There are 2 protein chains.
Amino acid sequence: MQNITDIIEAYLKQILHDEKKIEIKRQEIAERFDCVPSQINYVINTRFTIEKGYFVESKRGGGGYIRIQKIVILDSHDLLDEMSRWIGNDLTEQAAEDYLIRLVNEQLLTRREAIVVQSLLQKESLPMVVEDQRRMRAHLMQTLLKTIKRL
Amino acid sequence: MQNITDIIEAYLKQILHDEKKIEIKRQEIAERFDCVPSQINYVINTRFTIEKGYFVESKRGGGGYIRIQKIVILDSHDLLDEMSRWIGNDLTEQAAEDYLIRLVNEQLLTRREAIVVQSLLQKESLPMVVEDQRRMRAHLMQTLLKTIKRL
DNA sequence: ACCTCTCTGACCATCTTTGACTATTGTTTG
DNA sequence: CAAACAATAGTCAAAGATGGTCAGAGAGGT
């Protein structure tokens, strides 16, 4: 626990223990721990990832900030990872529908949510040649799986 | 929330909470918050857009004013049609988010649904050049609006 | 030595603030 | 009434204020 990364990590987690969400200014934290600002990005990228159960938002410019909140990781995390692996970067419309049905059955999505997503993944919504469509559909589904983790 | 833009935004919205329409003088507001007049234009252009559900009118010259009102579209079918028209075939990520927030406020989508859709419309989910991205995003949003009608 | 994790800094992206210049409308004057 | 003047608001580009990225240097362990 001697390196700055660990120290900053501990500092932030200690605050998160009390508050369910914190908002920091990158520059301020960097000054407080006497390091370069990008160090804060490193801490966040290695210690506050979605896999570790954190959701991070930020804004640049005047009045900018970095916001971190703890999220609940679903039990079905493994299912999502597996699906992600199965899908890879190619997905047909039928397969997409099957996956969505599965997600609804697992109660990871509501029926309405599945309908919305399905409509966005159907070929009519993806105006491009079929191979691109399938790649695009896979890409969108991958995004969905990631998003579900923080719902 | 220390930047002037957010402060002025909050001030105006707080008034709009009680009055359904406000009329301000640009110079006056600028003085009250000790900023340049064009700052007020910035606030209006970024925080009181049509996507966010505001209608702004103004007049120059003696007795000039800026009038802001919250747009109320009672019939949700009409709202969806209006949005569809506003969007056309070009949509930025920020505008998309604003529309989704609006849909949530109008209770046409749940928060979760909006988050899912937003994640699918963000640039990371649309691997193509920016112009195509915007066209694609508009296309997907149009699909969404159509889908909502039959949910 | 080699590998992995950490740290740094130059450069990039985005949002905000400012001010000079422009456009429009109302009022006064010749 | 037209021209000048006054009073507003709009536009836009540059500067300021943040946060993000990435490649390479540094440090610690095997």
Side-chain angles (χ1 to χ4, degrees), chain A residues 1-13 21-52 54-69, chain B residues 1-13 21-52 54-69 92-98 118 122-124 126-127 129-131 133-134:
Chain A
M1 180 67 87
Q2 11 29 344
N3 57 320
I4 306 189
T5 296
D6 289 341
I7 293 171
I8 297 175
E9 174 190 10
Y11 169 75
L12 294 175
K13 288 195 169 160
K21 162 197 290 201
I22 50 175
E23 189 170 304
I24 60 175
K25 289 202 159 291
R26 191 176 77 150
Q27 182 60 36
E28 266 179 26
I29 300 296
E31 262 162 31
R32 171 193 292 248
F33 293 98
D34 193 33
C35 62
V36 294
S38 58
Q39 177 76 48
I40 309 307
N41 294 90
Y42 180 72
V43 174
I44 283 169
N45 292 332
T46 57
R47 310 297 151 86
F48 294 89
T49 62
I50 195 86
E51 290 82 2
K52 294 190 159 77
Y54 294 90
F55 177 54
V56 180
E57 301 167 283
S58 66
K59 201 177 91 171
R60 310 184 187 192
Y65 58 75
I66 297 178
R67 203 144 52 196
I68 309 176
Q69 32 185 148
Chain B
M1 179 67 99
Q2 16 23 349
N3 57 317
I4 305 187
T5 296
D6 288 342
I7 293 170
I8 297 174
E9 173 191 10
Y11 169 75
L12 295 175
K13 287 196 169 160
K21 155 197 299 199
I22 51 176
E23 190 171 304
I24 60 176
K25 289 202 160 293
R26 191 177 77 149
Q27 181 60 36
E28 267 179 24
I29 300 294
E31 262 162 31
R32 171 194 291 247
F33 292 98
D34 194 32
C35 63
V36 295
S38 59
Q39 177 78 49
I40 310 306
N41 294 89
Y42 180 72
V43 173
I44 284 169
N45 292 332
T46 57
R47 309 296 150 90
F48 294 89
T49 62
I50 194 83
E51 291 90 347
K52 294 188 159 81
Y54 294 91
F55 176 54
V56 180
E57 301 166 282
S58 65
K59 205 177 84 172
R60 310 185 188 192
Y65 58 77
I66 297 178
R67 200 145 53 197
I68 310 175
Q69 16 184 165
T92 66
E93 192 169 350
Q94 182 56 59
E97 190 173 334
D98 291 341
Q118 194 228 335
Q122 67 192 342
K123 47 178 133 6
E124 293 74 20
L126 305 174
V129 297
V130 177
E131 304 80 55
Q133 241 174 37
R134 291 166 57 151

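Computed over heavy atoms, backbone and side chain alike; hydrogens, waters and symmetry mates excluded. Lettering follows sequence order; numbering is per chain, from 1. All values derive from a computational prediction rather than experimental measurement.
At the heavy-atom level, B/G62 lies under 4.0 Å from base atoms of the strands shown. Residue-level contact check: B/I66 touches the backbone only, with heavy atoms under 4.0 Å from sugar-phosphate atoms and none from bases. B/G61 comes within 4.0 angstrom of a nucleotide base, judged by non-hydrogen atoms across all strands. Heavy atoms of A/I40 sit nowhere under 4.0 angstrom from any nucleic acid atom. A/R47 comes within 4.0 angstrom of the backbone, heavy atoms only, and of no base.
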Per-nucleotide protein contact string for nucleotides 21-30 of chain D (B base, S sugar-phosphate only, - none; heavy atom under 4.0 Å): B---------

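Chain B approaches DNA chain C over the interval C/dC15 to C/dG26, counting the first and last nucleotide 5' to 3' with an atom under 4.0 Å from its heavy atoms.
For the pair A/K13 and A/F48, the cation-pi criterion (under 6.0 Å, within 45° of the ring axis) is fulfilled.
For A/C35 and B/D34, each mapped to the nucleotide of DNA chain C holding its nearest heavy atom, the one lying further toward the 5' end belongs to A/C35.
The distance from atom NZ of A/K59 to atom C1' of D/dA17 is 11 Å, rounded to the nearest whole Å. Between A/F48 atom CZ and D/dG20 atom C1' the separation is 18 Å, expressed in whole Å.
Taking OG1 from A/T49 and OH from A/Y54, the interatomic distance works out to 9.0 Å, rounded to the nearest 0.5 Å. Note that the CD atom of B/Q122 and the CD atom of B/E93 stand 6.0 Å from one another [nearest 0.5 Å].
Evaluation of the salt bridge (Lys or Arg N to Asp or Glu O under 4.0 Å) rule for B/R47 yields B/D6, B/E9 as partners, not counting sequence neighbours.
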